[in-house]
Amino acid sequence: MNRAWAIFKSYPYISNVVGYTTLFASADLIQQSMLGGAQGRNTQLSEDTLEQQASITNIGEVTVAGQSEKAHLTDSESRTSGKECSSGTQKRTPIHSIDWAQTARVALVGLCFHSNFNYHWLRALERMFPGGGAKRISMKVLLDQLVAAPVTISAFYIGLSTLERRQDPLEDWKNKFWTSYKTGVVYWSTMQ
């Protein structure tokens, strides 16, 4: 552990890249776990999928490319809640699941943009206003919120929309930018 810590201290850029990538991926996983799936949307299965899952649960075997395999449905793989069907049988509906592709996209935005931008931005701020003191720290926070916050928020929403191959990559940005910016100004201004 001491060796890993020494490597991180010796190479601040690498530790910054690893740190931001891990932070973004972890935050996305926590959000999905707490809010129920990718971007807080509960995963709803179609009626056909529910019937197929019910038959798999009851039979316990699935035929895939001519081979018989056991279906393993555990509580850790999908949390379920019972729903009554019109026929009186109970079907299981997953409450949420982790969208690993979403987490990978968020981590990629953190890796490619945020880690690099924040590393160079914070170094530049420290060069322009070295040291501490209330006046210098206030100036750094003000510049950070006026310059870096809009850039990083925009890069996050536009980057994710682009990676998701959305038709209008600016749609999320238009809908969420001001709320995110106002929340960030209040939170980061008090935390820094």
Side-chain angles (χ1 to χ4, degrees), residues 1-43 96-192:
M1 187 64 173
N2 286 337
R3 184 172 181 180
W5 183 250
I7 290 172
F8 277 138
K9 286 181 83 175
S10 300
Y11 302 99
Y13 177 74
I14 292 172
S15 48
N16 195 61
V17 169
V18 170
Y20 272 100
T21 304
T22 304
L23 178 70
F24 273 63
S26 301
D28 185 69
L29 287 172
I30 291 168
Q31 177 188 4
Q32 287 189 51
S33 322
M34 294 183 75
L35 297 179
Q39 299 178 359
R41 293 186 302 257
N42 286 342
T43 305
H96 76 276
S97 63
I98 299 296
D99 181 355
W100 292 103
Q102 168 71 17
T103 302
R105 287 188 296 269
V106 170
L108 188 61
V109 170
L111 170 72
C112 294
F113 178 78
H114 288 274
S115 61
N116 296 296
F117 178 82
N118 286 326
Y119 177 79
H120 294 293
W121 169 251
L122 294 175
R123 283 177 52 124
L125 271 182
E126 190 57 39
R127 277 192 218 114
M128 289 188 289
F129 305 101
K135 189 174 181 178
R136 288 181 190 263
I137 291 173
S138 297
M139 184 58 76
K140 290 177 191 177
V141 170
L142 178 67
L143 283 174
D144 191 47
Q145 294 306 312
L146 289 176
V147 177
V151 171
T152 56
I153 292 168
S154 297
F156 180 75
Y157 287 125
I158 295 169
L160 277 181
S161 293
T162 302
L163 290 172
E164 291 171 349
R165 295 184 175 127
R166 292 201 178 173
Q167 193 167 10
D168 181 11
L170 298 177
E171 183 181 357
D172 261 1
W173 177 78
K174 289 174 190 173
N175 294 332
K176 298 176 182 177
F177 175 80
W178 286 111
T179 304
S180 298
Y181 181 69
K182 289 184 279 187
T183 303
V185 166
V186 170
Y187 180 78
W188 290 113
S189 296
T190 57
M191 298 311 281
Q192 291 176 336

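Worth saying up front: this structure is predicted, and the values here are computed from it rather than measured.
Of the candidates Thr22, Leu29, Leu23, Ser26 forms a side-chain contact (heavy atoms from CB on, under 4.5 Å) with just one, namely Thr22. Each of Trp5, Tyr119, Phe8 was evaluated against Ser15; a single residue qualifies, Phe8, per the side-chain contact (heavy atoms from CB on, under 4.5 Å) test.
Applying the side-chain hydrogen bond (donor to acceptor under 3.5 Å, both in side chains) test to residues at least two apart or on different chains, the pairs with a partner in residues 142-154 are Trp121-Asp144, Asp144-Gln192, Ser154-Trp173.
Between Phe24 and His114, the ring-plane angle classifies as tilted under the 30° and 60° cut-offs.
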Would Leu160 and Asp172 count as a side chain to side chain contact (heavy atoms under 4.5 Å, CB included) if you check the C-alpha gap in whole Å, the side-chain angles of each, and the deciding distance to 0.1 Å? CA-CA 9 Å; Leu160 277 181; Asp172 261 1; 6.0 Å; no
Please lay out, stage by stage, how Tyr157 and Ser180 fare under the test side chain to side chain contact (heavy atoms under 4.5 Å, CB included). CA-CA 10 Å; Tyr157 287 125; Ser180 298; 2.6 Å; yes
Derivation of the side chain to side chain contact (heavy atoms under 4.5 Å, CB included) call for Asp28 and Gln32: CA-CA 6 Å; Asp28 185 69; Gln32 287 189 51; 2.6 Å; yes
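Using a distance-only test at 3.5 Å, with no hydrogens or angles considered, a donor-acceptor pair links the side chain of Lys140 to the main chain of Phe129. Without hydrogens or angle criteria, Asn175 side chain to Glu171 main chain gives a donor-acceptor distance under 3.5 Å. Checked by atom type and distance alone, the side chain of Ser115 pairs as donor or acceptor with a backbone atom of Gly110 at under 3.5 Å.
Taken to the nearest 0.5 Å, the CG atom of Asn2 stands 10.5 Å off from the NZ atom of Lys9. With rounding to the nearest 0.5 Å, the separation of CZ in Phe156 from NZ in Lys176 is 8.5 Å. A distance of 13.5 Å separates CH2 in Trp100 from CZ in Arg105, rounded to the nearest 0.5 Å. Interatomic distance, Thr21 OG1 to Leu108 CG, rounded to the nearest 0.5 Å: 8.5 Å. Rounding to the nearest 0.5 angstrom, the gap separating the CD1 atom in Ile158 from the CZ atom in Arg166 is 12.5 Å.
Shortest non-hydrogen contact noted between Ser189 and Val185 is OG-O, 2.5 Å. Across Ser33 and Ile98, no two heavy atoms sit closer than the pair OG-CD1, 4.0 Å. Considering all non-hydrogen atoms of both residues, Thr162 and Pro169 come closest at OG1-CB, 3.9 Å.
In this structure, Met128 places its CE atom where more than 12 heavy-atom neighbours from other residues, nucleotides or ligands lie under 6.0 Å away.
At least one side-chain heavy atom of Val106 sits less than 4.5 Å from a side-chain heavy atom of Gln102. Under the 4.5 Å side-chain criterion, counting only non-hydrogen atoms from C-beta, Val141 is not in contact with Trp188.
A search for ring-ring contact (aromatic ring centres under 6.0 Å, His included) contacts involving Phe113 returns Phe117, not counting sequence neighbours.
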